[in-house]
Amino acid sequence: AVYWDTLRVLFHFWIYQRTWRFVVPVFAVYMIWLNRYELLKGVEKPNIILSSLSLIISCILLISGQFSSTHLLREVSIILFFFSVSFHIGGIRFTSKLFFIIIYMVLMTSSFDRFLESIKLYLKLITAFIGHLFVNFIGLDVLRNGSYLRLPFTTIEVADSCSGAKQLITMFALGIPLAVITQKTFVKKIFIIFISLLIALIMNWIRVILIIFWNYNSAKEHVHGPYEIYKTPFIFITGFIALLFINRLVESPHKSMIDKQKTDSYRHATIFNSFSFMNIRPLITIMVITCSYLTFWSIKPVILKEKLSSFPLIINEWKGRDIDTFPIQFRSGFADEELIREYDNTDGDKIFLYIGYFYQQTNEKEIVDSRYTWVYDNAKTIQPPPNYRFWVKDQKVGLKNIRLFSWFSLNGQNIVNTKLAKIISLKDSLINRKNNGSIIVLLVYPEENNINNIELAKTISTTYNNFLNVNKILQ
């Protein structure tokens with residue numbers, strides 16, 4: 001029950017995104033079964049202190065992730081939960097033998113993907129650098145600009161698909177089971193996992209080098225080799241065969257089945273004692289408290305007494321009217337209440353305003369959402385006095401230059417940091433049982449309007465806070 005919502009999101013990640021990760025927990029159980037005799041050797045007295053401590057941290061992360069709609073925290077929580085159970089069953093030694101299998105469970109989450117996504121640019125640059133270095137070393141004339149490689153007759157890009165990220169995931173998924181099943185010492189397991197990741201990178205570098213060779217003398221119709229052969233997995237399969245060979249060289253000899261069966265019989269009583277009621281009582285208490293908190297400490301929606309449509313139509317010299325769409329491609333419909341309005345003044349200047357108000361933030365609806373990211377992505381931050389903060393972003397739409405001012409509104413504060421917005425929402429959830437918030441976007445034409453855009457943004461911010469005060473939202 002405690003992890004029901006987390007498992008539901010994981011199920012969505014497995015099934016609806018058509019990923020193979022649903023096999024990870026099944027394969028993890030299979031690895032435990034294959035190594036059951038080795039694992040039994042590590043069973044010792046349960047470590048209640050480490051088990052309880054890791055479970056407490058796990059539950060704190062779970063609650064924080066649940067109330068801040070941060071799935072990463074919930075995914076880390078469930079991995080820590082596995083460590084807690086392991087500490088309780090057989091102590092530190094048993095957990096050390098299960099370590100790689102538990103780490104392998106990270107692959108069933110989206111956390112590993114997010115990590116690789118954050119370093120994908122660096123992987124692309126490294127791949128382009130290695131490819132450029134090698135072909136120049138053997139005498140080919142190739143120039144590099146970032147992830148682009150300029151050949152005599154064409155220019156190729158080391159794209160996301162050539163970064164090696166997918167190969168890293170796949171080799172990591174294969175390297176850990178291979179190390180756990182065939183290697184007996186911690187050092188050898190680490191070595192095989194490291195080699196698997198290194199081979200994934202090297203084979204991807206070789207693939208890019210082969211693509212450079214193929215395109216060097218002329219611009220080809222098929223960039224990825226004859227019949228797009230370099231997009232096929234044969235290079236990766238070659239790398240995996242190399243991994244199997246290296247693994248065989250360092251593989252530990254297996255003990256006889258008779259010794260394993262003796263170990264099995266000897267350890268059964270120890271495992272049974274580990275699950276005594278007195279030992280498991282602290283864990284049950286922690287889980288019951290967590291489950292009760294998540295069940296009964298529900299977030300209350302903060303509904304506006306006056307609809308957002310009653311936001312002032314006249315702001316100083318500006319007169320507004322409601323419109324259906326923003327003048328740029330802007331996806332709306334995510335917030336509980338939305339306002340899209342055009343304002344103009346007597347000089348003929350025009351501005352456009354979007355406000356999205358959330359009664360409460362959930363996994364499906366929150367102000368820090370990837371669908372809003374483009375508004376403030378690569379924007380600069382300004383802090384005009386006395387206490388305002390805005391994201392400012394200039395871009396070209398058609399033949400016109402536009403300027404976007406945007407910010408989150410939380411408890412009357414202008415927030416221009418996504419992590420800080422998450423923290424404030426979490427604090428309000430844990431203490432005040434509310435996490436309502438808003439996102440505001442102001443669009444101006446800096447080359448056409450003869451107005452002080454920053455002062456205008458400050459006026460809009462102040463007017464909105466006054467509007468919330470009237471609705472007693474900030475009280």
Side-chain angles (χ1 to χ4, degrees), residues 299-328 330-362 364-369 371-372 375-376 384 386-391 402-416 421 424-425 428-429 432-445 449 451-475:
I299 306 301
K300 297 179 179 179
V302 181
I303 300 174
L304 296 172
K305 292 184 178 181
E306 297 183 12
K307 294 293 184 181
L308 194 56
S309 57
S310 63
F311 183 78
L313 283 167
I314 299 177
I315 304 175
N316 296 340
E317 74 274 18
W318 296 92
K319 293 183 179 181
R321 64 182 183 89
D322 293 323
I323 56 177
D324 295 327
T325 58
F326 224 51
I328 57 176
F330 184 89
R331 294 179 62 192
S332 58
F334 306 130
D336 293 300
E337 290 192 35
E338 292 184 322
L339 178 143
I340 304 177
R341 191 170 285 177
E342 175 188 343
Y343 286 86
D344 52 32
N345 61 13
T346 54
D347 294 330
D349 299 322
K350 291 183 182 296
I351 62 171
F352 296 87
L353 177 66
Y354 169 85
I355 301 176
Y357 178 76
F358 296 79
Y359 300 152
Q360 67 180 95
Q361 297 181 65
T362 63
E364 290 75 24
K365 289 186 175 184
E366 56 179 328
I367 57 176
V368 183
D369 191 298
R371 294 168 292 191
Y372 289 125
V375 174
Y376 49 81
N387 193 28
Y388 295 93
R389 293 179 179 85
F390 305 109
W391 279 303
I402 65 169
R403 179 167 295 162
L404 294 173
F405 291 84
S406 58
W407 64 96
F408 300 133
S409 177
L410 293 167
N411 298 329
Q413 302 178 66
N414 287 18
I415 306 298
V416 290
I424 293 175
S425 298
D428 281 347
S429 299
N432 302 318
R433 301 181 72 171
K434 67 182 184 68
N435 61 3
N436 59 304
S438 310
I439 178 171
I440 297 97
V441 181
L442 173 65
L443 183 151
V444 301
Y445 297 103
N449 293 355
I451 55 175
N452 188 323
N453 294 321
I454 295 178
E455 288 299 320
L456 177 60
K458 292 167 62 175
T459 300
I460 295 293
S461 176
T462 302
T463 304
Y464 185 63
N465 285 338
N466 292 337
F467 174 77
L468 295 179
N469 270 320
V470 171
N471 279 271
K472 299 183 178 180
I473 301 299
L474 303 183
Q475 294 183 6

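Quick caveat: nothing in here was measured; it's all calculated off a predicted structure. Side chains are part of it too, since the values below use all heavy atoms of this structure and drop only hydrogens, waters and symmetry mates. Note that the numbering runs from 1 along the sequence shown for the chain.
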(message) Is the shortest side-chain heavy-atom distance between I440 and S461 below 4.5 Å?
(response) no

(request) Determine yes or no for a side-chain-to-main-chain donor-acceptor pair under 3.5 angstrom, with N414 supplying the side chain and W407 the backbone. (result) no

(request) Report the C-alpha separation of F408 and F358 in whole Å, then their side-chain angles, then the decisive distance to 0.1 Å, and conclude whether the ring-ring contact (aromatic ring centres under 6.0 Å, His included) test is met. (result) CA-CA 11 Å; F408 300 133; F358 296 79; 9.3 Å; no

(message) Can you confirm whether K434 sits close enough to K300 that some side-chain heavy atom of one is under 4.5 Å from a side-chain heavy atom of the other?
(response) no

(message) Does the plane of the ring in Y372 sit parallel, tilted or perpendicular to the ring in Y354? Use 30° and 60° as the thresholds.
(response) tilted

(request) Would you check if W318 and L456 make a side-chain contact, meaning some heavy-atom pair closer than 4.5 Å? (result) yes

(request) Please name the pair of heavy atoms, one in E306 and one in F467, separated by the smallest distance, quoted to 0.1 Å. (result) O-CZ, 3.8 Å

(message) Looking at K307, is its backbone amide N or carbonyl O close enough to the side chain of S310 to form a donor-acceptor pair, meaning the two atoms are under 3.5 Å apart?
(response) yes

(message) Side chains of V368 and I439, heavy atoms from C-beta outward: is any pair under 4.5 Å?
(response) no

(message) I need the minimum non-hydrogen distance between Y357 and V302, along with the two atoms involved.
(response) OH-O, 2.8 Å

(request) Measure across I415 and A421 and return the closest heavy-atom pair with its distance rounded to 0.1 Å. (result) CG2-N, 3.9 Å

(message) Taking salt bridge (Lys or Arg N to Asp or Glu O under 4.0 Å) as the definition, give me every residue that meets it alongside E455, ordered by chain and number, with sequence neighbours left out.
(response) K458

(request) Write out all pairs satisfying salt bridge (charged side-chain N to carboxylate O under 4.0 Å, His left out) with one or both partners inside residues 351-361, taking only residues at least two apart or from two chains. (result) none

(request) Taking all heavy atoms of F326 and all of V441, pick out the closest pair and write down the distance. (result) CZ-O, 4.0 Å

(request) Considering non-hydrogen atoms only, spot the tightest contact between I315 and T459 and give its length. (result) CG2-CG2, 3.7 Å

(message) R341: which residues meet the side-chain hydrogen bond (donor to acceptor under 3.5 Å, both in side chains) condition with it, sequence neighbours left out?
(response) D322, Y343

(request) Quick one: pull up OG in S309 and CD1 in I355 and give me the separation to the nearest 0.5 Å. (result) 11.0 Å

(message) Could you check whether any side-chain N or O of D428 sits under 3.5 Å from a backbone N or O of N432, counting only pairs where one atom can act as donor and the other as acceptor?
(response) no

(message) Between Q361 and N435 (side chain of the first, backbone of the second, donor and acceptor by atom type, cut-off under 3.5 Å), is there such a pair?
(response) yes

(message) If you define the side chain from C-beta out and look only at heavy atoms, does anything of F352 sit under 4.5 Å from I323?
(response) yes

(request) Specify the closest pair of heavy atoms between L308 and L339, including all atoms of both residues, with the distance to one decimal. (result) O-CD1, 3.2 Å

(message) Quick one about S438 and Y464 (side-chain donor to acceptor, distance below 3.5 Å, no hydrogens or angles considered), yes or no?
(response) yes

(message) side-chain contact (heavy atoms from CB on, under 4.5 Å) for F405 and V444? Distances and angles first, verdict last.
(response) CA-CA 8 Å; F405 291 84; V444 301; 4.0 Å; yes

(message) Using only atom types and a distance under 3.5 Å, with no angle test, would you say the side chain of N345 pairs donor to acceptor with the backbone of D347?
(response) yes

